[in-house]
Amino acid sequence: MRVSETSVDIDGRQMVVQETGPVDGVPVLLVHGFPLNHAMWQNQIQGLDPPGNRFRVLCPDLMGCGSSGPIDGETSMQQIADQLAAMLEQLQVCRPVVFCGLSMRGYVGWQFLQHHRDKVSHLIACNTRAAADSQIVARGRRQIAISVLQTGTAPIAASLPEKLFALRTAVPGESAPGKSAEYRLIENTIARTDPDTIAKLQRAMADRPDATPMLNRVVVPTLVIAGECDVITPPDEMRTMAAQITGAKFACIAGVGHLTPLEDGPAFNALVTEFLAGVGSGEAG
Ligand code: MLT
């Protein structure tokens, strides 16, 4: 499937977006986690809907990440949601999107839903939570924001991937000991991310609001996807979150950690395809 790259102007800075599928397809917006880029969705950009051609898959590098321009000043979950809405307008995406956000971009998803409700048809919340940080976690994030500017990204690139992957997907079978290609991809992505981006996103996550009170007001069809071995957003916490959203479906992918779409692309794609069955084949979606 052909992947095209577009860039849009967000307040004078370029946001780069990877796109596949027909322009009149059901728009599916894939929003990457911290501090990654579109590459974590490589299994979905190519494989979400190869035969059906129903989906217009849009996969941005958020500001400060991948090939997009730097973050201007400080940022927040709401500002990132507003930038995504502006991107959709510039790409003339006229119909509501399937918003699929992982982890930190799940935090953005709650803001997107709150401030751009008319732009959302379905919500897929992957490996994320609605609650704000505890004081201890927020303090830890502010400390990381200080240290990454002093030491660069090497310490985070060395330590964070271990928490993102389950052992099974980090290290392939005995015949090929060592880190998996996906693990190396994530290590390299983190190492290449601007320390300024990491600092600003850590502060933005520390300051994010508690989205728990809005869960019982979510009215779009929702799928919550967890990873069985996820230590950052554990499946039990996600199951409890899903139970607060009327009609939400909950699924837990076996044997994977925090990066479900990358660690088990076929299982992830099957869940999304089943959730969106019928959407785009006649009705408005
Ligand atoms: C992410 O994957 O986006 C981060 O782990 C989220 C977080 O640090 O809370």
Side-chain angles (χ1 to χ4, degrees), residues 29-42 44 59-66 68 71 75-77 79-81 83-84 99-112 124-148 153 155-166 169-170 182-183 185-191 193-195 197-212 224-227 229-235 237-238 241 253 256-264 268:
L29 177 60
L30 303 176
V31 196
H32 62 79
F34 162 88
L36 308 178
N37 62 36
H38 72 271
M40 61 146 283
W41 297 109
Q42 60 188 19
Q44 288 67 45
C59 195
D61 284 345
L62 297 188
M63 303 315 296
C65 302
S68 290
I71 297 170
T75 190
S76 66
M77 298 302 117
Q79 186 195 59
I80 298 169
Q83 290 169 343
L84 287 170
F99 187 105
C100 177
L102 182 126
S103 198
M104 173 185 156
R105 271 52 194 233
Y107 312 158
V108 170
W110 308 124
Q111 296 301 310
F112 195 83
I124 305 176
C126 322
N127 306 85
T128 193
R129 59 168 54 87
D133 285 345
S134 67
Q135 282 189 357
I136 292 174
V137 172
R139 206 175 307 129
R141 290 193 195 277
R142 293 201 176 88
Q143 190 50 50
I144 293 170
I146 292 168
S147 62
V148 73
T153 55
I156 298 183
S159 61
L160 183 56
E162 275 178 20
K163 301 192 190 100
L164 298 178
F165 286 84
T169 57
E182 290 80 7
Y183 193 97
L185 169 77
I186 294 302
E187 267 182 340
N188 289 335
T189 304
I190 298 172
T193 301
D194 185 350
T197 295
I198 293 183
K200 287 174 175 173
L201 293 179
Q202 284 289 5
R203 287 196 289 270
M205 284 193 279
D207 291 339
R208 75 185 190 278
D210 180 10
T212 312
V224 174
I225 300 180
C229 312
D230 186 353
V231 293
I232 296 178
T233 46
E237 182 181 345
M238 294 195 62
M241 180 183 85
I253 301 180
V256 302
H258 190 59
L259 297 180
T260 46
L262 185 65
E263 293 182 79
D264 194 344
F268 187 94

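Values below: all heavy atoms of this structure, side chains included; hydrogens, waters and symmetry mates excluded. One-based numbering, in listed order, for ligands and for the atoms of each.
Residue D210 comes nearest to A131 through the heavy atom pair OD1-CA, 3.4 Å, listed as atom of the first residue, atom of the second, then distance. Residues G64 and T197 come closest through the heavy atom pair O-OG1, 2.8 Å.
A salt bridge is absent between D207 and R141; no separation between the charged side-chain nitrogens and carboxylate oxygens falls under 4.0 Å.
Geometrically, ligand 1 and M104 share a nitrogen or oxygen pair separated by less than 3.5 Å. For ligand 1, the polar-atom distance check finds no N/O of I232 at less than 3.5 Å from any of the ligand's N/O atoms. In terms of polar-atom proximity, defined here as any N/O pair under 3.5 Å, H258 does make such a contact with ligand 1.
Protein heavy atom closest to atom 6 (C) of ligand 1, with residue, atom name and distance, is S103 OG, 3.0 Å.
Close contacts of ligand 1 with M205, meaning ligand atoms under 4.0 Å from a residue heavy atom, involve 6 (C), 7 (C), 8 (O), 9 (O). Residue Y107 has at least one heavy-atom neighbour below 4.0 Å for each of these atoms of ligand 1: 6 (C), 7 (C), 9 (O). The distance from ligand 1 to the heavy atoms of G33 drops below 4.0 Å at these ligand atoms: 3 (O).
Only the side chain of R141 comes within 4.0 Å of ligand 1, judged by heavy-atom distances.
For the residue pair D61/H38, the side-chain donor-acceptor check at 3.5 Å is satisfied. Residues T233 and N127 bring no donor and acceptor atom of their side chains to less than 3.5 Å of each other.
Between the side chain of Q202 and the backbone N or O of I198 there is no donor-acceptor pair closer than 3.5 Å.
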